[in-house]
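Scroll down for the structure; my scribbles are underneath it.
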Amino acid sequence: MTTPLLSVRNLVIEFPNRHGPLTAVDGVSFDLEAGEILGVVGESGAGKSLTGSAIIGLLDPPGRIASGEIHLKGERIDNLRPEDMRVIRGRRIGMVFQDPLTSLNPLYTIAEQLIETIRTHLRLSEREARQRAIGLLDDVGIPAASRRIDDYPHQFSVGMRQRVVIALALAAEPELVIADEPTTALDVSVQAQIIDVLKEQCTQHGASVILITHDMGVIAETADRVAVMYSGRIAEIGPVREIIKNAKHPYTSGLMGSIPTLAQEEDRLVQIPGAMPRLSDIPPGCAFNPRCEHAFDKCRVERPVLIPVDNREVACWLYEDAEASEAAR
Amino acid sequence: MLAYVIRRVFQSIFVLLMVGLVAFSMFRFVGDPVENLLGQERTQADIERVREQLGLNDSFPVQYLKFLGNAFQGNLGVSYRQGRPVSEIIAERAPATLELAGVSALLAVVFGVGLGVFTAIRRDGFMANFIMTTSLIGVSLPTFLIGILLIYIFAVELGWLPSFGRGETVKIGWWSTGFLTESGLKAIILPAITLGLYQMTLIMRLVRAEMLEVLRTDYIKFARARGLSTRAINFGHALKNTLVPVITVTGLQIGSIIAFAIITETVFQWPGVGLLFINAIQFVDIPVMAAYLMLISVMFVMINLIVDLLYFAIDPRLSADASARGH
Amino acid sequence: MEAVSNFLASDLFYRFRKSPVAVVAFIVTALLVLSAVFAPLIAPQNPFDPGSLNLMNGFSKPGEPNQFTGETFMLGTDDQGRDVFSTILYGLRISLFVGFSAVLFAMVLGSVLGLIAGYTGGRTDTIIMRIADIQLTFPAILVALLIFGIAKGITPPSYRNEVAIWVLILAIGLSDWVQFARVVRGATLVERNKEYVQAAKLIGRKPMAIMLKHILPNTLGPVLVIATISLALAIIAEATLSFLGVGAPPTQPSLGTLIRIGQGFLFSGEYWILLYPAMTLLALALSVNLLGDWLRDALNPKLK
């Protein structure tokens with residue numbers, strides 16, 4: 001077994017509060033192999049973005065990593081000194097944010113921002129860096145890159161700006177790119193293009209991807225594996241095909257049912273009754289139990305662990321026996 | 001872009017005309033100009049003569065226009081109190097105020113921006129908190145109190161610096177400067193600090209607030225995510241974005257320094273136009289009041305205009321938007 | 001009572017309790033206000049009743065018995081034999097009276113204008129806002145000075161001292177109405193676009209009363225913050241104007257006037273005539289300012 005590119009173990013992220021700390025991410029664990037695209041999907045507030053921010057070391061205070069470990073190619077990175085983490089950022093881990101309209105500094109040209117990033121991490125001359133920058137813009141599909149590179153961000157359309165953001169994220173050839181809702185702020189027509197660019201360029205530049213989104217459709221198109229998050233925990237994690245075909249966790253099946261497809265025969269989309277609990281109100285046991293139609297006593301008392309079933313892992317007591325039978329084989 | 005400039009210029013002219021109207025109304029309706037010029041012993045013939053001289057028998061709009069015309073040419077009337085042309089008095093005292101304002105502005109900007117950046121970057125340090133608390137006191141303290149305090153400490157108790165006046169001055173052409181004598185330099189220190197302190201505090205808090213805002217933006221976060229050095233982020237990206245809006249406000253602040261000089265000049269008996277204005281109010285010397293008002297307004301309006309246009313020039317978004325709808 | 005207990009349990013009060021700065025500032029302010037209100041009861045003498053003064057008491061040092069009369073004054077006396085402690089109390093009265101009145105005036109004027117501007121819209125709105133913008137180009141102190149100067153010119157000399165206080169309130173209030181107007185105008189505009197207003201107009205009724213019911217709660221928070229900060233500014237403005245000699249006259253002195261008088265005695269050594277009024281002003285300005293600052297941060301939704 002080769003060391004996975006990224007390994008997150010029992011990550012817990014807390015926010016201090018007057019009545020006691022609120023746990024926004026509660027014991028999340030997963031691995032990411034090189035060359036893989038892992039989707040992280042869930043509702044707003046499920047803890048996906050926080051997990052991404054924690055991995056790259058940009059968790060906004062007062063949020064903090066309370067416990068857990070993050071390893072990049074076997075080396076621990078969650079407890080590094082700020083200066084050491086800074087070296088990793090950009091060079092080994094890149095990040096793409098949600099809103100292209102605010103991700104770029106309006107007072108600097110694209111050239112300046114790209115060249116600065118490149119020269120921070122790679123020893124290149126101004127001219128070499130500029131060449132490289134133009135190449136990157138070409139890669140992400142900016143037409144007339146050598147001319148447009150000297151433009152300011154506001155002179156690009158929203159979609160173009162997001163491409164520039166992707167170019168910036170890949171500028172120093174990182175091993176891992178975390179894309180936090182990269183298409184949420186874009187028009188539907190542009191979303192597909194951007195996702196394609198992201199997938200293509202990351203593969204080409206040899207970067208693995210963690211794709212954070214609340215849009216299951218995007219995951220279906222792009223990711224190899226997916227982790228479904230709910231209330232700061234992973235509900236189900238495994239290969240995308242498997243999970244979509246045959247979701248095991250009641251929450252995941254609910255999510256699948258809420259995706260409109262042309263082939264659908266029913267008139268109404270399935271809606272999961274209720275809402276994800278607030279951080280201060282997470283029920284004991286399984287966080288999903290109040291909304292789950294299959295819930296039974298154990299669900300309300302004991303928090304489920306990830307149980308391997310059918311090529312993936314599910315955090316649900318419905319499959320407790322499955323674990324036992326798997327172990328018996 | 002051009003349209004904007006033209007519009008702004010017209011706006012400015014409009015404001016100046018309004019101010020001119022107020023000044024003129026003061027002249028005309030507050031107190032009796034005739035009485036002020038003639039004094040107790042006067043005959044009906046005298047009154048008629050002066051009325052004709054002052055053009056008081058013309059209609060209101062005509063008088064107003066004449067007034068503006070005169071003002072434009074530098075004829076601002078004659079002081080009731082001193083009996084001399086107002087323009088002469090003002091020219092005499094302007095250098096004092098201008099020098100004071102200049103030094104104060106310099107202090108305010110240099111320390112304001114410097115400390116603002118420092119307290120934004122070192123947000124939670126002891127020094128930063130100390131400076132912030134002291135600055136709060138600086139903002140709460142009335143300027144005159146600061147002046148008096150400084151006088152008490154440095155002039156009365158320590159005797160290092162003079163407590164009033166401008167010291168010896170040297171005349172270069174029509175400008176009298178205090179910078180070329182030792183007593184002149186010593187005399188300007190306390191007043192400049194007093195005048196500049198309030199502005200410095202404001203600028204500092206503004207720069208700090210703006211920089212903290214900027215440091216919270218997505219593009220700064222993205223810059224961090226790209227692994228840029230702290231120095232590049234703070235001084236390359238954040239500072240530039242901070243200063244752009246700060247420049248506008250700072251410019252306006254600098255303008256108000258000349259107005260606030262009134263207070264400092266009173267505390268230190270500094271012979272500038274501010275003190276002149278206060279005395280004019282005491283004695284209801286309308287011509288001087290009106291003239292001061294108009295000059296200050298012209299200055300303010302011009303500064304506002306310049307700052308607005310400057311802002312336009314600096315922010316690429318604004319200038320480019322006007323010329324090209326980008327893709 | 002329920003409102004009180006609601007308030008005591010609220011987030012706002014919690015943050016107040018937790019902030020030593022806010023609590024101290026509040027206590028100091030309250031102390032000063034109470035002293036001013038009860039001045040006639042607390043002050044050992046009424047310093048502005050010429051009959052109660054004894055010139056021989058002049059220039060007494062604080063805490064020491066006067067060499068001529070043997071009377072002791074806690075904070076000393078000035079050149080006329082006025083007890084400094086008493087002058088401070090009475091001066092505080094004037095300062096606070098002018099301050100509060102000016103803010104009240106500004107608040108009412110600003111709110112009314114804001115309401116009119118927001119509700120009527122069109123020309124009226126533009127005119128009012130234009131005036132506001134023009135006025136904002138100039139520092140408040142200048143506007144106040146101008147108004148004072150004009151008023152002085154219009155008033156016959158014999159009345160000048162009497163009306164000085166009212167002119168002061170007018171001047172300071174007029175220089176400060178804009179912020180209130182803006183807030184109220186904003187809230188009015190928001191309400192005006194709501195459906196119940198259109199509905200009321202359709203059936204021919206004036207929606208103003210209902211609008212007010214909605215506008216008031218929305219503006220209460222911001223107006224409160226603006227008012228507190230305006231109070232601090234008004235107090236300082238009044239002190240400054242009085243210090244400059246264009247404010248409260250020596251017959252009805254405020255703290256600013258006292259400081260002006262005191263400055264004259266600085267070099268001759270009777271420091272107490274200046275020091276104690278100055279310290280009082282400092283305490284007042286500082287605590288109101290701190291309170292206003294704290295309030296603004298506490299009510300700022302962005303910082304929560």
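Residue numbers begin at 1 in each chain, while the letters A, B, ... track the order of the sequences. Note that the coordinates shown come from a computational prediction; the quantities given were computed from them, not determined experimentally.
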Task: Beyond-backbone contact of A/Gln113 with B/Arg226, side-chain heavy atoms, under 4.5 angstrom - done: yes
Task: Contact check, side chains of A/Pro82 and B/Thr230, non-hydrogen atoms, under 4.5 Å - done: no
- [ ] Calculate, to the nearest 0.5 Å, the distance between atoms CG and CG belonging to B/Asn241 and A/Asn105 respectively.
- [x] 4.0 Å
Open item on the list: Let's go through A/Ser53 and B/Lys221 carefully: what are the C-alpha distance in whole Å and the side-chain angles of both, what is the deciding distance for side chain to side chain contact (heavy atoms under 4.5 Å, CB included) to 0.1 Å, and is it a yes or a no?
Closed with: CA-CA 10 Å; A/Ser53 299; B/Lys221 198 167 181 200; 4.3 Å; yes
Open item on the list: Would you say that more than 12 heavy atoms from the other residues, nucleotides or ligands in this model lie under 6.0 Å from the CZ of B/Phe118, or not?
Closed with: yes
TODO: Give a yes or no on whether the backbone of B/Ala225 and the side-chain of A/Arg89 come within a donor-acceptor separation of less than 3.5 Å.
DONE: no
Open item on the list: Please give me the minimum heavy-atom distance between B/Leu228 and A/Thr117, naming the atom from each residue.
Closed with: CD2-CA, 4.0 Å
Task: Shortest non-hydrogen separation from A/Phe97 to B/Phe222 and the atoms involved - done: CE1-CA, 3.5 Å
- [ ] Taking all heavy atoms of B/Gly227 and all of A/His121, pick out the closest pair and write down the distance.
- [x] CA-NE2, 3.8 Å
Open item on the list: Under 4.0 Å between a side-chain nitrogen and a carboxylate oxygen: does that hold for B/Arg216 and A/Asp60?
Closed with: no
- [ ] Using the six-membered ring wherever Trp is involved, compare the ring planes of A/Tyr108 and B/His237 and label them parallel, tilted or perpendicular (cut-offs 30° and 60°).
- [x] tilted
Task: Under the ring pair (Phe, Tyr, Trp, His ring centres under 6.0 Å) test, residues paired with B/Tyr219 that sit two or more places apart - done: none
Task: Worked check of side chain to side chain contact (heavy atoms under 4.5 Å, CB included) between B/Thr217 and A/Thr102 - done: CA-CA 8 Å; B/Thr217 56; A/Thr102 56; over 6 Å; no
